[in-house]
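Read the structure below first, then the notes.
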Amino acid sequence: MRTDAAAEIKERLTAAQVAELYGFPPGRGGFIRCPFHAGDDHGSLKLYPGSKGWHCFGCGAGGSVIDFVMRLFGISFRQAVVRIDIDFGLGLDLTGRRGAPAERSALMEARRLEAQEKADAEDRYREIAREYRYWWDCKKYFAPSFAAAASQLHPLYAEAIKRLPVLQYMLDQAEQRIGR
Ligand SMILES: [Zn+2]
């Protein structure tokens, strides 16, 4: 939700307009009976002009027009902004492309983690590729020039034969993780 949607509401709607739409028409001097404390027969809640909001001299409640709607319906800030936008037909931009600060930082954290995972996967891929290359060279360099018994094989050649299929598999897995 764009934070300036809330600012626009406070700018465009007076406390009197909002209170009246929801069933509390202001009396003399801009007072209404307070819906937030019981037994307010005389009307202790003052609705201020412009964007100054409201204040109840009986219970001390007060705030912006958004606070009024939040309290009246027991809804969240975001819900109140949406409700006011609909009820007054304001046509505000509530797409939330920019996001609230909490949503923004969560998104940034997710992006950071994603980038970190990708970097780790690439490091891992390079590491496995290096090892694969080493054993591939061993296999080539120490390959017997004639058919030899297992006991006569160069130890690095024997080791390479054992390791290369495993490394090949690990390399394929690592490749898939970095999307190659
Ligand atoms: Zn009150």
Side-chain angles (χ1 to χ4, degrees), residues 1-13 15 18 22 36 51-53 61-180:
M1 157 141 349
R2 292 174 63 109
T3 47
D4 43 347
E8 199 175 332
I9 284 173
K10 292 175 200 173
E11 209 172 276
R12 286 171 64 178
L13 299 176
V18 173
Y22 295 119
F36 310 122
S51 58
K52 294 194 184 75
S64 70
V65 291
I66 298 169
D67 295 312
F68 186 86
V69 174
M70 283 169 71
R71 287 191 69 132
L72 191 62
F73 299 105
I75 58 181
S76 72
F77 182 83
R78 186 191 163 81
Q79 289 169 329
V81 167
V82 171
R83 171 142 195 179
I84 292 167
D85 179 48
I86 293 167
D87 289 349
F88 284 88
L90 298 178
L92 298 174
D93 179 7
L94 303 175
T95 51
R97 221 169 297 123
R98 211 172 54 182
E103 288 165 335
R104 262 209 307 283
S105 66
L107 189 64
M108 277 168 65
E109 177 65 7
R111 283 199 186 129
R112 194 189 64 74
L113 277 175
E114 199 181 315
Q116 180 67 53
E117 271 168 29
K118 193 160 185 283
D120 287 349
E122 274 169 6
D123 282 352
R124 182 83 184 119
Y125 172 80
R126 273 193 293 272
E127 197 180 298
I128 296 167
R130 220 171 11 244
E131 204 183 342
Y132 181 85
R133 178 75 201 174
Y134 171 78
W135 289 109
W136 193 83
D137 284 346
C138 281
K139 184 188 166 194
K140 198 175 144 194
Y141 191 76
F142 297 110
S145 50
F146 53 90
S151 61
Q152 289 170 313
L153 293 174
H154 191 285
L156 283 176
Y157 177 80
E159 192 67 26
I161 294 295
K162 229 175 3 185
R163 288 189 186 223
L164 280 169
V166 179
L167 283 166
Q168 178 67 62
Y169 172 78
M170 286 166 72
L171 204 59
D172 288 347
Q173 297 290 304
E175 243 172 33
Q176 277 174 23
R177 271 198 295 278
I178 62 174
R180 286 197 187 175

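Note that the structure is predicted; figures quoted are calculated from it, not measured.
- Of all heavy-atom pairs spanning I9 and L90, the tightest one is CG1-CD1, 3.9 Å.
- R124 and E127 are joined by a salt bridge, as a carboxylate oxygen and a charged side-chain nitrogen come within less than 4.0 angstrom of each other.
- A heavy-atom distance below 4.5 Å is not found between the side chains of P165 and Y169.
- A salt bridge between K118 and E114 is absent, with no side-chain N of the basic residue lying under 4.0 Å from a carboxylate O of the acidic one.
- In this structure, the ring of Y22 has its center less than 6.0 angstrom from the ring center of F73.
- Under a cut-off of 6.0 angstrom, the local environment of CD in E109 is crowded, with over 12 non-hydrogen atoms contributed by other residues, nucleotides or ligands.
- A distance of 12.0 Å separates NZ of K10 from CG of L13, quoted to the nearest 0.5 Å.
- Using modelled atom types, one finds a donor on one side chain and an acceptor on the other under 3.5 Å when comparing Q168 with D172.
- Atom CD1 of I84 and atom CZ of R12 lie 12.0 Å apart (nearest 0.5 Å).
- Side chain of D67 to main chain of S64: a donor-acceptor pair is present (N/O by atom type, distance under 3.5 Å, no hydrogens or angles).
- Salt bridge D123/R126: present, at least one basic N to carboxylate O contact under 4.0 Å.
- Side-chain atoms of Q116 never come within 3.5 Å of backbone atoms of L113 as a donor-acceptor pair (strictly under, hydrogens ignored).
- When all heavy atoms are compared, the tightest approach of L94 to A5 is CD2-CB, 3.6 Å.
- One distance of note links CG of L167 with CZ of R130; it measures 12.5 Å at 0.5 Å rounding.
- Remark: R177 fails to qualify as a cation-pi partner of Y125 under the 6.0 Å distance and 45° angle criteria applied to the six-membered ring.
- Taken to the nearest 0.5 Å, the CZ atom of R163 stands 6.0 Å off from the CD atom of E131.
- Residues P144 and Y157 have side chains in contact (heavy-atom distance under 4.5 Å, counting atoms from C-beta outward).
- Pairing each heavy atom of A80 with each of V69, the nearest pair is CB-CG1, 4.0 Å.
- Between K139 and L164, the shortest heavy-atom contact is CD-CD1, 3.5 Å.
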Note to self: For a side chain to side chain contact (heavy atoms under 4.5 Å, CB included) check, start with the C-alpha distance between Q79 and M70, then their side-chain angles and the critical distance, and finish with the verdict.
What the structure shows: CA-CA 8 Å; Q79 289 169 329; M70 283 169 71; over 6 Å; no
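- Atom CG of residue D137 and atom CZ of residue F142 lie 10.0 Å apart, to the nearest 0.5 angstrom.
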Next item on the list: Verify ring pair (Phe, Tyr, Trp, His ring centres under 6.0 Å) between F36 and F68, making sure each step is shown before the conclusion.
Entry: CA-CA 9 Å; F36 310 122; F68 186 86; 5.5 Å; yes
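- Interatomic distance, L156 CG to I161 CD1, rounded to the nearest 0.5 Å: 11.5 Å.
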